Undergrad: 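The structure follows.
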2 protein chains.
Amino acid sequence: MTENDVFRALADPTRRAIFEKLASGGMNASALRQGMEISQPAMSQHLAVLRKARLVREERQGRFVNYEVDPDGLALIAGWLAKYRAYWPARVEALKDLLKDMDQ
Amino acid sequence: MTENDVFRALADPTRRAIFEKLASGGMNASALRQGMEISQPAMSQHLAVLRKARLVREERQGRFVNYEVDPDGLALIAGWLAKYRAYWPARVEALKDLLKDMDQ
DNA sequence: CAGATACATAAGTGTGTGCTTATGTATCTG
DNA sequence: CAGATACATAAGCACACACTTATGTATCTG
């Protein structure tokens with residue numbers, strides 16, 4: 001898992017769609033394919049790229065492999081972005097509100 | 001400028017290096033090349049990609065073209081990341097501190 | 001105006017990427 | 001054990017990408 005792995009993984013729209021789907025709840029590779037018009041090998045290859053970037057992690061459950069979001073990859077992006085936070089001051093207040101919400 | 005433009009622009013390590021250099025202060029294309037072992041056309045092409053992604057914007061000054069960070073591209077990444085903020089709760093407090101600092 | 005400087009664009013090339021088809025591996029079921 | 005199911009991996013192919021060399025365009029200077 002390198003910075004390059006993460007950015008390259010997110011550079012593909014299909015992979016971002018897969019990631020987004022997983023963000024709404026973990027599921028196995030077959031379930032991920034539902035409504036996505038993508039072949040089984042293509043999905044498997046995309047998941048391998050996302051795994052290498054630690055954007056996703058697997059957990060084998062018998063015959064199935066359950067996938068879920070791995071926070072590590074996201075954290076790397078967040079860290080990268082934080083370095084340039086000086087450039088989006090207008091959005092600071094909005095972000096603060098978001099964080100306030102996260103406290104429940 | 002689309003989400004795809006931004007992620008694809010950041011997928012290249014040379015472009016991230018260019019962006020990072022610009023983040024420490026605007027400069028022209030020739031100055032950007034200093035210490036970067038990159039040809040003039042390659043730099044120009046990378047800057048075109050970053051421009052299309054609105055990660056960078058230009059301002060012609062006579063014979064020179066001054067480049068600087070454009071917040072719009074960064075904001076798009078920040079927005080994308082915000083959708084998945086539920087996955088890095090451990091870093092919320094740290095982020096809050098960062099935002100507090102930004103208030104000066 | 002002529003040359004130099006700063007940058008952009010065009011065209012060509014090797015390599016990487018995302019797909020395909022085919023096959024392999026692991027687990028479950030009868 | 002045999003077949004089915006879930007997924008991974010291998011190999012090949014078309015296309016995108018990052019580079020190169022060559023040339024174009026705009027601005028400055030003498």
Side-chain angles (χ1 to χ4, degrees), chain A residues 1-22 25-70 73 77, chain B residues 1-22 25-70 73 77:
Chain A
M1 178 227 201
T2 66
E3 185 175 277
N4 213 45
D5 287 333
V6 181
F7 278 109
R8 296 224 300 82
L10 292 174
D12 183 73
T14 303
R15 267 189 307 262
R16 287 198 304 278
I18 293 170
F19 180 83
E20 186 149 0
K21 203 165 181 180
L22 275 180
M27 67 185 85
N28 62 55
S30 295
L32 269 173
R33 286 184 60 209
Q34 301 296 339
M36 278 208 68
E37 249 179 73
I38 184 175
S39 71
Q40 180 268 316
M43 174 60 78
S44 191
Q45 286 159 16
H46 280 308
L47 286 170
V49 174
L50 289 168
R51 240 180 320 169
K52 195 184 177 197
R54 300 202 64 167
L55 282 160
V56 143
R57 62 183 167 205
E58 67 174 37
E59 185 187 350
R60 186 164 263 276
Q61 279 171 356
R63 227 179 341 176
F64 298 81
V65 177
N66 203 273
Y67 279 94
E68 59 183 11
V69 168
D70 184 338
I77 299 282
Chain B
M1 177 226 200
T2 66
E3 186 175 276
N4 214 44
D5 287 334
V6 181
F7 278 109
R8 297 222 303 87
L10 292 174
D12 183 73
T14 303
R15 269 190 305 263
R16 288 199 303 279
I18 293 170
F19 180 83
E20 185 148 2
K21 204 165 180 181
L22 274 180
M27 66 185 87
N28 61 55
S30 294
L32 269 173
R33 286 183 61 207
Q34 301 296 338
M36 279 207 71
E37 248 180 74
I38 184 174
S39 72
Q40 179 269 314
M43 173 60 77
S44 190
Q45 286 159 15
H46 281 308
L47 286 171
V49 174
L50 290 168
R51 240 181 320 170
K52 196 184 176 195
R54 299 201 67 168
L55 282 161
V56 142
R57 63 184 165 203
E58 67 174 36
E59 184 188 350
R60 185 164 264 277
Q61 279 171 357
R63 224 173 350 170
F64 298 81
V65 177
N66 203 273
Y67 280 94
E68 59 183 12
V69 167
D70 184 338
I77 299 282

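Computed from a predicted model, the values in this text were never measured in an experiment. Chain letters run A, B, ... following the sequence lines, proteins first and then strands; every chain starts at 1.
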Undergrad: side-chain hydrogen bond (donor to acceptor under 3.5 Å, both in side chains) with Asp12(A): which residues, sequence neighbours excluded?
TA: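 By the side-chain hydrogen bond (donor to acceptor under 3.5 Å, both in side chains) rule, Asp12(A) matches no residue at all.
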Undergrad: Who pairs with Glu68(A) by side-chain contact (heavy atoms from CB on, under 4.5 Å), at least two apart in sequence or on another chain?
TA: Arg57(A)
Undergrad: Sequence neighbours left out, what pairs pass side-chain hydrogen bond (donor to acceptor under 3.5 Å, both in side chains) with at least one residue falling in residues 38-47 of chain B?
TA: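 Listed once each, the pairs are Arg15(B)-His46(B).
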Undergrad: Take atom CD in Gln61(A); do more than 12 heavy atoms of anything else shown fall under 6.0 Å from it?
TA: yes
Undergrad: Give me the one residue out of Asn28(B), Asn66(B), Val65(B) that meets side-chain contact (heavy atoms from CB on, under 4.5 Å) with Arg60(B).
TA: Val65(B)
Undergrad: Using atom CG of Asn4(B) as one end and atom C1' of dC17(D) as the other, report the distance to the nearest whole Å.
TA: 14 Å
Undergrad: Got more than 12 heavy atoms from elsewhere within 6.0 Å of NZ, Lys21(B)?
TA: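 For Lys21(B), atom NZ is crowded (more than 12 foreign heavy atoms under 6.0 Å).
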Undergrad: Which is more 5' along DNA chain C, the nucleotide nearest Arg60(A) or the one nearest Ser30(B)? Just name the residue.
TA: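 Going by which nucleotide is closer to the 5' end, it is Ser30(B).
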Undergrad: Would you mind telling me which residue lines up with the more 5' stretch of DNA chain C, Arg8(A) or Gln40(A), judged by nearest nucleotide?
TA: Arg8(A)
Undergrad: For Arg63(A) and for Met43(A), locate the closest nucleotide of DNA chain D by heavy-atom distance; then report the residue assigned to the nucleotide nearer the 5' terminus.
TA: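 Its nearest nucleotide being more 5', the pick is Arg63(A).
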Undergrad: Report the distance from atom CG of Leu10(B) to atom CG of Leu10(A), rounding to the nearest 0.5 Å.
TA: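 Between atom CG of Leu10(B) and atom CG of Leu10(A) there are 10.0 Å.
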Undergrad: The criterion is ring pair (Phe, Tyr, Trp, His ring centres under 6.0 Å); which residues satisfy it with Tyr67(B), sequence neighbours excluded?
TA: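 Once residues adjacent in sequence are excluded, Tyr67(B) has no partner under the ring pair (Phe, Tyr, Trp, His ring centres under 6.0 Å) criterion.
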Undergrad: Roughly how far apart are Met43(A) CE and Thr14(A) OG1, rounded to 0.5 Å?
TA: 9.0 Å
Undergrad: Taking only residues two or more places apart in sequence, or in another chain, which ones meet Arg54(B) in a salt bridge (Lys or Arg N to Asp or Glu O under 4.0 Å)?
TA: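 Result, salt bridge (Lys or Arg N to Asp or Glu O under 4.0 Å) vs Arg54(B): Asp70(B), Asp72(B).
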Undergrad: Kindly write out the residues that satisfy side-chain hydrogen bond (donor to acceptor under 3.5 Å, both in side chains) with Glu59(B), not counting sequence neighbours, or none if the list is empty.
TA: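 Partners of Glu59(B) under the side-chain hydrogen bond (donor to acceptor under 3.5 Å, both in side chains) test: none.
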Undergrad: Strictly below 4.0 Å, heavy-atom distances to any atom of DNA chain C: list the hits from residues 45-57 of chain A, or just say none.
TA: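 Within residues 45-57 of chain A, the residues near DNA chain C are Gln45(A), His46(A).
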Undergrad: Could you check which residues of residues 10-22 of chain B get a heavy atom under 4.0 Å from DNA chain C? Sort them by number, please.
TA: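 Heavy-atom contacts with DNA chain C come from no residue of residues 10-22 of chain B; none.
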Undergrad: Mind checking side-chain hydrogen bond (donor to acceptor under 3.5 Å, both in side chains) for Glu3(B) and listing every partner two or more places apart, or none if nothing turns up?
TA: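 side-chain hydrogen bond (donor to acceptor under 3.5 Å, both in side chains) check on Glu3(B) returns Arg16(A).
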Undergrad: Excluding sequence neighbours, so at least two apart, what forms side-chain hydrogen bond (donor to acceptor under 3.5 Å, both in side chains) with Arg51(A)?
TA: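 With neighbours one apart ignored, the set is Glu58(A).
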Undergrad: Represent DNA chain D in dot-bracket notation, 5' to 3'. Only Watson-Crick or G-U wobble pairs with both distances under 3.5 Å count; pseudoknot-style crossings use [ ] and interstrand partners use |.
TA: ||||||||||||||||||||||||||||||
Undergrad: For a 4.0 angstrom threshold against heavy atoms of chain A, report the outermost contacting nucleotides of DNA chain C in 5' to 3' order.
TA: dT17(C) to dC28(C)
